[in-house]
Amino acid sequence: MTNELLQDLEWRGLLYQQTDAEGMAKLLDEQSVSLYCGVDPTADSMHIGHIVPLLTLRRFQKAGHRPILLVGGATGMIGDPSGRSEERQLQTVEQIDKNVQGIRSQLERIFEFAEDGNGAQLVNNRDWIGNINTIEFLRDYGKLINVNYMLAKDTIASRLDTGISFTEFAYTLIQGIDYNHLYNHYNCRIQVGGSDQWGNITTGLEVIRKTHEEETKAFGITIPLVTKADGTKFGKTAGGAVWLDGKKTSPYEFYQFWINAADADVIKYLKIFTFLSREEIEALAVSVEEEPHLRKAQKALAEEMTRLIHGQEALEQAIRITAALFSGDLKALSAEEMKDAFKDVPSIEMTKDDKNIVDLLVEAGISSSKRQAREDVSNGAISVNGEKVTDLEYVVDAKDRLEDAFSIVRRGKKKYHMVKFI
């Protein structure tokens, strides 16, 4: 392999399987090519597990090649059996359309779109799959692929014991039609996908081979599954998946996910997820070894990813919230930022009655007794919305209710509670 881009992907740990590596390297050295990656709109947002193949596609764009982003308006109505032990719940056309719009907006943050040059193109496979009737599908495509060939696919073979519907059984062939369509109409030469997409990619290559009399030059690349050094699943938090939609996972939470990366994982993540150069990443690797307490690599990772997905303004807000929590200076935050930062801390509901600080601490379960509450206040261990309270007669009232709905009470250095007023 001599192609510089492929060598960089190898260094970053982004190459898992390839078809004809030498032929692909030669093609990439000789010309600018179109290549694609597909995303099925099974939800109205992608999560970080979805974006590794997409970011890999973006690397090809930066190297002068043209990315085609396929949103599966048709395949999303069926469901990819890859990596699943049971059938997906089918979604309505209306829900699929809503999901497509959500994913489209996220793709537009990652790629540079243009009609000419190597600008990214967005396509929806419902535009061609939706025009094929049943007889055409069986006659024109069903004849191309032997059932034994499909049964040998890991994604299908793994479901034979538990059962697989014909709908999901046919998925790999339908995705093969996608690659064939893009090959014919967009001169697409490479498909990029996660490691679970190998069977679908090779089916596409088989469809292309059997529908063209001339010699074809099409290739496939898969990206390895991202794992954590401790063996636990990447991309999950206690609250669930890390979404790209800021309403599902706020920019602050997104930033926190990356900045909390373990030293054993952070360089791997920098290689896979960011566009920092090899020299920059190697310098950060030295920092992890020699000055891990500075967490330079984690900060670089969090900043690069949050800026890419949410923009500079959201990144600055996430940094501001992080700094305020570290220093305890909550006064620097807006009510909305406080709500975002503390939505996962212990909370309790109370009426909007004016309440003495000692009584509030006991009723909210923040201090174990009135005696403990008085000691906490007298010792300067209590603050309300970032303001230290040392007066035992202090009354928590309307002035302390942010948005007339909640207050953030801190006991000690790091024990935060949200009091929700109803």
Side-chain angles (χ1 to χ4, degrees), residues 1 3-25 28 35-40 46-63 65 67 69-70 80-85 110 152-158 172 175 179 190-205 218-237 241-242 244 257-258 261-278 281-282 284-285 288 297 301 304-305 308-309:
M1 186 195 321
N3 179 264
E4 286 187 13
L5 173 58
L6 294 178
Q7 288 179 331
D8 182 63
L9 296 182
E10 183 77 42
W11 175 76
R12 291 177 183 273
L14 287 170
L15 292 183
Y16 182 60
Q17 293 163 299
Q18 300 175 70
T19 61
D20 186 8
E22 289 187 9
M24 193 187 322
L28 292 170
L35 67 163
Y36 96 97
C37 180
V39 180
D40 277 346
M46 294 183 288
H47 54 70
I48 57 174
H50 289 126
I51 63 173
V52 181
L54 294 169
L55 293 175
T56 303
L57 208 66
R58 180 71 173 104
R59 297 182 199 281
F60 277 89
Q61 185 178 34
K62 285 178 171 288
H65 305 287
L69 306 165
L70 186 152
D80 187 351
S82 302
R84 295 183 65 85
S85 59
I110 298 173
K153 300 291 184 185
D154 289 342
T155 55
I156 294 174
S158 64
T172 187
Q175 195 179 110
Y179 196 173
I190 302 172
Q191 181 180 354
V192 177
S195 57
D196 62 345
Q197 293 300 303
W198 181 249
N200 295 329
I201 291 172
T202 53
T203 298
L205 294 172
F219 306 90
I221 298 176
T222 62
I223 313 301
L225 179 70
V226 180
T227 56
K228 295 170 71 172
D230 62 7
T232 57
K233 192 169 184 178
F234 167 79
K236 295 285 187 179
T237 66
V242 180
L244 305 194
F257 172 81
W258 297 107
D263 287 349
D265 292 317
V266 65
I267 299 303
K268 174 181 178 179
Y269 294 168
L270 283 165
K271 290 179 179 180
I272 292 172
F273 290 97
T274 77
F275 298 98
L276 294 179
S277 68
R278 183 168 184 164
I281 293 173
E282 288 176 343
L284 289 169
V288 171
L301 175 65
E304 290 293 316
M305 292 307 299
L308 175 68
I309 300 301

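What's counted below: heavy atoms across the whole structure, side chains too, no hydrogens, waters or symmetry copies.
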Distance col, row L205:CG vs N200:CG, nearest 0.5 angstrom, shows 11.0 Å

For P53 and V192, the nearest pair of non-hydrogen atoms, with its separation, is O-CG1, 4.0 Å

**Message:** Within the 4.5 Å heavy-atom criterion, are I309 and I110 side-chain neighbours or not?
**Reply:** yes

Minimal heavy-atom distance between M46 and L54, with the atoms involved, is SD-CD1, 3.5 Å

Are F219 and D20 close enough that some pair of their side-chain heavy atoms sits under 4.5 Å apart?
yes

Check the pair L69 / V39 against side-chain contact (heavy atoms from CB on, under 4.5 Å), numbers first and verdict last. CA-CA 8 Å; L69 306 165; V39 180; over 6 Å; no

What one should report as the nearest heavy-atom pair of L284 and L270 is CD1-CD1, 3.8 Å

Q17 meets the side chain to side chain donor-acceptor pair (under 3.5 Å) criterion, sequence neighbours left out, with T222

Can you confirm whether R12 sits close enough to I281 that some side-chain heavy atom of one is under 4.5 Å from a side-chain heavy atom of the other? yes

Between Y16 and I223 the two heavy atoms that sit nearest each other are CB-C, 3.8 Å

CH2 of W198 to CD of Q18, rounded to nearest 0.5 Å, is 8.0 Å

For Y179, the side chain to side chain donor-acceptor pair (under 3.5 Å) test, sequence neighbours excluded, returns none

Those residues at least two apart in sequence (or on a different chain) that pass ring pair (Phe, Tyr, Trp, His ring centres under 6.0 Å) with Y269 are F234

**Prompt:** Regarding Q191 and Q197, is there a side-chain donor-to-acceptor distance under 3.5 Å anywhere?
**Reply:** no

Nearest heavy-atom contact between Q175 and I201 is OE1-N, 4.3 Å

Is there a ring-ring contact (aromatic ring centres under 6.0 Å, His included) between W258 and F273 once you walk through the steps? CA-CA 11 Å; W258 297 107; F273 290 97; 4.9 Å; yes

With sequence neighbours left out, the residues meeting salt bridge (Lys or Arg N to Asp or Glu O under 4.0 Å) with E282 are R278

With sequence neighbours left out, the residues meeting side-chain contact (heavy atoms from CB on, under 4.5 Å) with Q61 are R58, P67, F111, E112, N118, A120

*Just wondering, are more than 12 heavy atoms of other shown residues or ligands nearer than 6.0 Å to CZ in F275?*
yes

| query | Taking the side chain as C-beta and beyond, is there a heavy-atom pair between R59 and L9 under 4.5 Å? | reply | yes

Here the gap from M24 atom CE to L15 atom CG, rounded to the nearest 0.5 Å, amounts to 8.0 Å

F60 vs I221 side-chain heavy atoms within contact, under 4.5 Å
yes

Distance col, row D8:CG vs K271:NZ, nearest 0.5 angstrom, shows 10.0 Å

Tightest non-hydrogen contact, residues L35 and H65, listed as CD2-CB, 3.9 Å

Check your understanding: Would you say L55 and L308 make side-chain contact, with heavy atoms under 4.5 Å?
Key -> yes

Residues passing the ring pair (Phe, Tyr, Trp, His ring centres under 6.0 Å) test with H47, sequence neighbours excluded, are H50, W243

